[in-house]
Amino acid sequence: MTDSISPVWHPFTQHGLDEAVPLVERAEGALLHCRDGSTLIDGISSWWVITHGHCNPRITAAIRDQADRLDQLIFAGFTHEPAERVARGLIGLTDRHLPSPDPLTHVFFSDSGSTCVEVALKMALGYWHHRARAEGGTARHRIIVMEHSYHGDTIGTMSVGARGVFNRAYAPLLFDVTAIPCPVTGAEQACLDALEAACRAEEKPAALIVEPLVLGSGGMIFYSPAMLKAMADICAAHDVLFIADEVMTAWGRTGTLFACEQAGVTPDIVCTAKGLTGGSVPLAATIARRKIFDAHLSRDRADMFFHSSSFTANAICCAAAAANIAIWESEDVPTRIAALGERMQARIDRLAHHPAYEKPRRIGAIAAIDLRVGEGAGYLSDVAPTLRAFFLERGLLLRPLGNTVYVMPPYCITAEQIDRIFDAIEEAGRLFCG
Ligand SMILES: *Cc1c(COP(=O)(O)O)cnc(C)c1O
């Protein structure tokens with residue numbers, strides 16, 4: 001444990017509660033080794049980023065090799081081989097997994113999930129700005145979003161995400177959006193009707209942004225590929241851009257490389273970050289259709305895409321991403337995920353009739369279940385931190401979202417480690433609800 005005089009200000013942490021902050025020295029596979037000699041099973045992939053496992057040898061070798069060669073390079077007007085390799089790799093993967101007569105053709109690099117979503121929003125607004133100038137119409141600015149969604153913690157991404165305690169202090173600065181219901185079972189038609197109405201509104205929307213198939217931070221809410229497809233079709237019919245925030249869902253998390261491929265949907269813009277480097281180092285990419293790129297193409301510098309961050313396409317991060325893509329191209333990752341999924345399914349099925357739990361659900365390498373609690377058990381209820389501490393005492397890194405307990409492990413986790421996690425979830429059920 002760290003001592004109380006640490007100057008570190010942690011994210012999503014109330015330092016006034018003096019909760020334990022384990023210091024981790026080393027990690028491998030699904031295990032974290034702490035300074036006090038204890039080990040933890042990383043049941044949430046270190047906040048949804050680690051895919052193949054911590055310190056994957058192929059990825060760390062690529063990082064080491066690249067660090068000796070070229071570390072960081074200005075990316076305006078310069079390029080390097082790792083970035084070229086990742087961009088070609090991403091386009092190759094989207095060609096195969098998200099095929100379309102009008103395919104994704106261009107990759108814009110950035111360094112976090114929030115940033116690649118900001119980039120997607122700016123690309124969409126830039127597209128309509130340039131199109132309005134060319135065609136003499138009015139530019140579109142309105143973004144349609146899904147209730148309960150999460151797209152990041154910057155001002156722009158908070159604006160397109162759910163409003164709540166997380167962003168109340170910043171509410172006056174968040175821009176106005178049109179929210180449609182999440183198409184969970186029973187709300188399908190309400191979602192489609194609201195989307196249709198938003199697309200037909202007098203103020204024409206620029207884009208719809210969604211988390212495909214799974215709303216992560218919203219509480220591991222799942223909806224069907226058919227609904228994803230139906231939403232994309234409505235957008236296409238109304239010439240509204242369809243942005244898929246695959247920051248959490250891509251790289252196999254939902255069982256397929258991209259979640260959108262389960263719906264046969266090719267978005268106009270795809271955002272990817274977290275697992276892009278296998279979760280080892282930060283890198284993000286926003287992948288766009290040709291028409292989005294072409295809208296910014298002219299002989300006039302004023303039309304260029306005005307976005308950059310210092311570490312855009314950092315060479316070491318790109319080398320890690322290239323190694324991740326090579327893993328996907330040479331190893332049978334989907335079979336690994338399917339086996340993990342089956343194991344989690346068997347264990348979550350056992351909880352189906354547990355009196356403490358409800359709504360067991362799983363997609364790919366994500367399993368979730370809700371602890372039955374009274375009304376008002378939102379994110380800030382004591383349930384989540386109490387559970388977190390309960391799991392920590394048992395050597396498990398789990399971080400429930402309110403009363404939703406979920407497991408999202410690295411794909412290399414062993415059956416025995418999965419069992420330890422679910423044994424503890426069963427035990428927690430007995431403890432909390434008798
Ligand atoms: C985590 C997440 C983000 C934000 O990514 P950061 O790298 O934390 O900025 C955006 N969208 C979704 C769906 C996410 O899960």
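Keep in mind that this is a model prediction, so the values were computed, not measured. Both ligands and their constituent atoms are indexed starting at 1 by order of listing. In this chain, numbering begins with 1 at the start of the sequence shown.
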### Message
With a sphere of 6.0 Å drawn around CZ of Phe78, does it hold more than 12 non-hydrogen atoms of other residues, nucleotides or ligands?
### Response
no
Just list the side-chain donor-acceptor pairs under 3.5 Å for residues 357-367, sequence neighbours left out, or say none.
{"residue": "Tyr357", "atom": "OH", "partner": "Ile425", "partner atom": "O", "Å": "2.6"}
{"residue": "Tyr357", "atom": "OH", "partner": "Gly429", "partner atom": "N", "Å": "3.4"}
{"residue": "Glu358", "atom": "OE1", "partner": "Arg372", "partner atom": "NH1", "Å": "3.3"}
{"residue": "Arg361", "atom": "NE", "partner": "Met220", "partner atom": "O", "Å": "2.8"}
{"residue": "Arg361", "atom": "NH1", "partner": "Lys359", "partner atom": "O", "Å": "2.8"}
{"residue": "Arg361", "atom": "NH1", "partner": "Asp370", "partner atom": "OD1", "Å": "3.2"}
{"residue": "Arg361", "atom": "NH2", "partner": "Gly219", "partner atom": "O", "Å": "3.0"}
{"residue": "Arg361", "atom": "NH2", "partner": "Met220", "partner atom": "O", "Å": "3.2"}
{"residue": "Arg361", "atom": "NH2", "partner": "Asp370", "partner atom": "OD1", "Å": "3.1"}
{"residue": "Arg362", "atom": "NE", "partner": "Gly341", "partner atom": "O", "Å": "3.2"}
{"residue": "Arg362", "atom": "NE", "partner": "Gln345", "partner atom": "OE1", "Å": "2.7"}
{"residue": "Arg362", "atom": "NH1", "partner": "Gly364", "partner atom": "O", "Å": "2.9"}

### Task
Only counting residues at least two apart or in another chain, list the ones meeting salt bridge (Lys or Arg N to Asp or Glu O under 4.0 Å) with Arg347.
Asp419, Asp423, Glu426
### Query
If you count only heavy atoms, which residues are under 4.0 Å from ligand 1?
Trp48, Ser112, Gly113, Ser114, Tyr150, His151, Gly152, Glu211, Asp245, Val247, Met248, Lys274
### Task
Determine which pairs satisfy side chain to side chain donor-acceptor pair (under 3.5 Å) with at least one residue from residues 156-171, sequence neighbours left out, and list them in order.
Thr154-Thr157
### Query
Asp294 and His130: side-chain donor and acceptor closer than 3.5 Å?
no
### Message
Students often mix this up, so state it plainly: with edges at 30° and 60°, are the rings of Trp48 and Tyr406 parallel, tilted or perpendicular?
### Response
perpendicular
